[in-house]
Protein chains: 2
Amino acid sequence: MRKCYFDYVATNPLHPQVFEAMLPYFKEEFGNPLSLYEAGMKARNAIENARAQTAALVNSKPSEIIFTCSGAEANNFALRGIALAKQNEGKHVIVSRMEHHSILNSARFLEKSGFAVTYLPADKHGVVEPEAVKKAMTKDTVLISVIHASSEVGTIEPIKEITKIAREHKVIVHTDAVASAGNIPIDVKAGGVDLLSMAAHQFYGPKGAGALYVREGLRIVPLIYGGIQESGRRAGTENVPAIVGMGKAAELAKLEMKERGEHVKKLRDRLISGVLSVENVYLTGHPSDRLPGHASFTVEYIEGESMLLLLASKGMYVASGSACSSKALKASPVLLSMGVPASLAQGSIVFTLGKENTGEDIDYLLAEFPPIIKRLREISPFAKGWDEKEQGNKCYTTSSEQQTE
Amino acid sequence: MRKCYFDYVATNPLHPQVFEAMLPYFKEEFGNPLSLYEAGMKARNAIENARAQTAALVNSKPSEIIFTCSGAEANNFALRGIALAKQNEGKHVIVSRMEHHSILNSARFLEKSGFAVTYLPADKHGVVEPEAVKKAMTKDTVLISVIHASSEVGTIEPIKEITKIAREHKVIVHTDAVASAGNIPIDVKAGGVDLLSMAAHQFYGPKGAGALYVREGLRIVPLIYGGIQESGRRAGTENVPAIVGMGKAAELAKLEMKERGEHVKKLRDRLISGVLSVENVYLTGHPSDRLPGHASFTVEYIEGESMLLLLASKGMYVASGSACSSKALKASPVLLSMGVPASLAQGSIVFTLGKENTGEDIDYLLAEFPPIIKRLREISPFAKGWDEKEQGNKCYTTSSEQQTE
């Protein structure tokens, strides 16, 4: 049976060159980067090299990169670290409803700690409108966090516009670029954000390595206290091989970004038009401003998990919503915030493509997908009688619009 | 030139069998453990297997193990997570002055957050006296954190006695076992602690993997919020290869602990008696209740860094104080808390042995060490004229006592 991995947003396979770069640091070069002798110095140099490579990916200075162990850690660090550092200036934070749980749950933690949090809605395409950001701001606002691109619906947010508004009010901007960094061009200097999170395993790097860009001069309270690693801003013995891997993956991503992007975009466009030819299937997220390898849909009368499992039985690996909530089996809060009704949100399915995917993978998917949907609808209790009832539904209309845009 | 690694407390080389166990999870089995299809399931199973292996090392249930990315993260998580969970019962925390910076600096963070913290002193051997714990307790005390064994002076603390006292007052006990777990037997059920931190790279496992044992039923506030990983208690895409490596390392450590311990203890005892035959060199830490591979000293009239660099020039890698502060070049707070005067604390040197060390390594060290000390003292400004002045010094007496015990 053919095997097709269509879940790059969950995690990427490690690039062989990345693995090669990591290898020496497992074995010969196992020293602790803080040790003063040669083995420590070699590990230290390897980390600084990776820092420069990672910085180059987003056009920051190396000293503005703090390594973490995951995108989630970077998000927690950014939100709580800035809120704490700025709490004497104001205790209001703005996040969008498009955010990952690591932002939303950090925001809830801040609420428990006495901060006020505004949760911004998105439009039907998952776009957080800059105007809404403007309206939400108060004199107490110290931080805005809006995702760079949604891992669930692929929408790329208007961060530059949001940052411009924030700048006028001297409010700090963080963006969670876990799904986008390494996949689309990012320039923190041109974009103007103050903090940006990334995760290596989203661009063919290893699990266990992430980073937070923190603009020079910006004070941030550590999330993990301890030794003097990362200039005292993030403690813990460095995972040298993973950091080296992140650097190498960043270097390769920068080098191959255009080629990789064009490759997946071409496949994605075929996938989208093929999948949408099935009845009562709707694209979620923005029709054009979306991640190049990202194709997400809602399928009426069917549960996402059933599709996922039947596709898996045919060797195709896809997601239903974000990886971090896929086992939670709840309707995606992101889709709900976009106005998708709960019943339709249950039928969410997300295909994300990577450099290993081929045209044959798409052929295979497009041949197998329609009969799977047909079969599931035949056994679905929701499909019977719901058809007419839902015809006039707002969401149905909304989704049809998306289809034709 | 002979190469001798005497800095196992900074980090351990990866066990070849551990690396073999990790390998498949970098390549073929790269799935996200939260994905619902087969690749996710395999990664999930690998993590649960590692959890059982890690639990067995300290005699806990698998469900009581939360994976982290480092010992420092586990320490931050324990201290702040319990303090927050218990803050309505009281806002007083006790830590010892023997603690690692990840505990001390977390305690300072708690102070800034409105908690009162008592820092317990240690005796001249680095022992935190249970009686001192008893005296420090107030009706507001919710948590006590005392290190299991010191990475700087090797002393194994009387955790069982401390826990007994805490139990009587219904106070939670955390112990930082980063330097000891995997190296000496630990039984959380017999020992009675509520939380215990470990780090894989301290027992031939990979960097980037740590764990916190949390006694069943004990509520802890997360340090990293996000997805539903680790039962919602610690978010972030799991570093599957590192976790698998930690499990394998734990399994091997349990299996080989006795043999490894006897091997390093024999070498260490030769090392200690050899090094102490040099004039004005004193053992730090407890003479008998110490980690089997740990030998730490203060050398009068010399700076630790000079010794470290000269030994390194002869191919011998040692530490001067804890790895996390070795680049800070400050007198060790741990030594100062034990009553070692600052001038002598500057001459700290720490040898830590592992299973790769041989009798020839010790021969080489004992041949090279005395001439290095002689040479350094010849050029030391401190050695001239300080001799007589320091003779009556309290610390000198203290250290002499240690030598003869």
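A note on names: the letters A, B, ... follow the listed sequences, proteins ahead of strands, and every chain is numbered from 1.
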[atom2] on [Y] to [atom1] on [X], rounded to 0.5 Å:
X: A:S35; Y: B:D7; atom1: OG; atom2: CG; value: 4.5 Å
X: A:L310; Y: A:M316; atom1: CG; atom2: CE; value: 9.5 Å
X: B:E29; Y: B:K42; atom1: CD; atom2: NZ; value: 4.0 Å
X: B:L23; Y: A:L23; atom1: CG; atom2: CG; value: 7.5 Å
X: B:L223; Y: B:T68; atom1: CG; atom2: OG1; value: 9.5 Å
X: B:N32; Y: B:R44; atom1: CG; atom2: CZ; value: 9.5 Å

Subject >> Residues B:R234 and B:E73 bridged, charged N to O under 4.0 Å >> reply: yes

Original post:
Considering heavy atoms only, which positions within residues 74-87 of chain B lie below 4.5 Å of chain A?
Top reply: B:N76, B:R80, B:L84

Subject >> Residue-level contacts of residues 102-113 of chain B with chain A, using a heavy-atom cutoff under 4.5 Å >> reply: B:S102, B:N105, B:S106, B:F109

**OP:** Answer with side chain, backbone, both or neither: which region of B:Y37 has an atom nearer than 4.5 Å to a non-hydrogen atom of chain A?
**Re:** both

Using non-hydrogen atoms only, which part of [X] is less than 4.5 Å away from chain B: side chain, backbone, both, or neither?
X: A:E28; result: neither
X: A:Y317; result: both
X: A:V318; result: backbone
X: A:P13; result: both
X: A:Y5; result: side chain
X: A:L309; result: side chain

Original post:
Taking it one step at a time, do A:Y204 and A:Y8 satisfy side-chain contact (heavy atoms from CB on, under 4.5 Å)?
Top reply: CA-CA 9 Å; A:Y204 309 99; A:Y8 280 79; 3.7 Å; yes

Original post:
Which residue, B:S145, B:P333, B:S150, forms the side chain to side chain contact (heavy atoms under 4.5 Å, CB included) with B:E99?
Top reply: B:S145

Original post:
Would you say the side-chain atoms of A:H174 and A:S197 include a donor-acceptor pair closer than 3.5 Å?
Top reply: yes

Subject >> Atom NZ of B:K314: over 12 foreign heavy atoms under 6.0 Å >> reply: no

**OP:** Could you give me the CA-CA distance, side-chain angles and deciding distance for A:L36 and B:E305, then say whether side-chain contact (heavy atoms from CB on, under 4.5 Å) is met?
**Re:** CA-CA 8 Å; A:L36 294 174; B:E305 284 70 29; 3.8 Å; yes

**OP:** Test side-chain contact (heavy atoms from CB on, under 4.5 Å) on A:K27 and B:L14 and set out the steps.
**Re:** CA-CA 6 Å; A:K27 295 178 168 181; B:L14 201 54; 5.9 Å; no

**OP:** Determine the option with the most heavy-atom pairs under 4.5 angstrom with chain A, choosing from B:V221, B:N239, B:V240.
**Re:** B:N239

Original post:
With respect to chain A, which residue among B:A39, B:G31, B:P222, B:S313 yields the maximal number of heavy-atom pairs within a distance under 4.5 Å?
Top reply: B:G31

Subject >> A:M307 vs A:S320, side-chain contact (heavy atoms from CB on, under 4.5 Å): CA-CA, chis, key distance, verdict >> reply: CA-CA 9 Å; A:M307 282 185 278; A:S320 174; over 6 Å; no

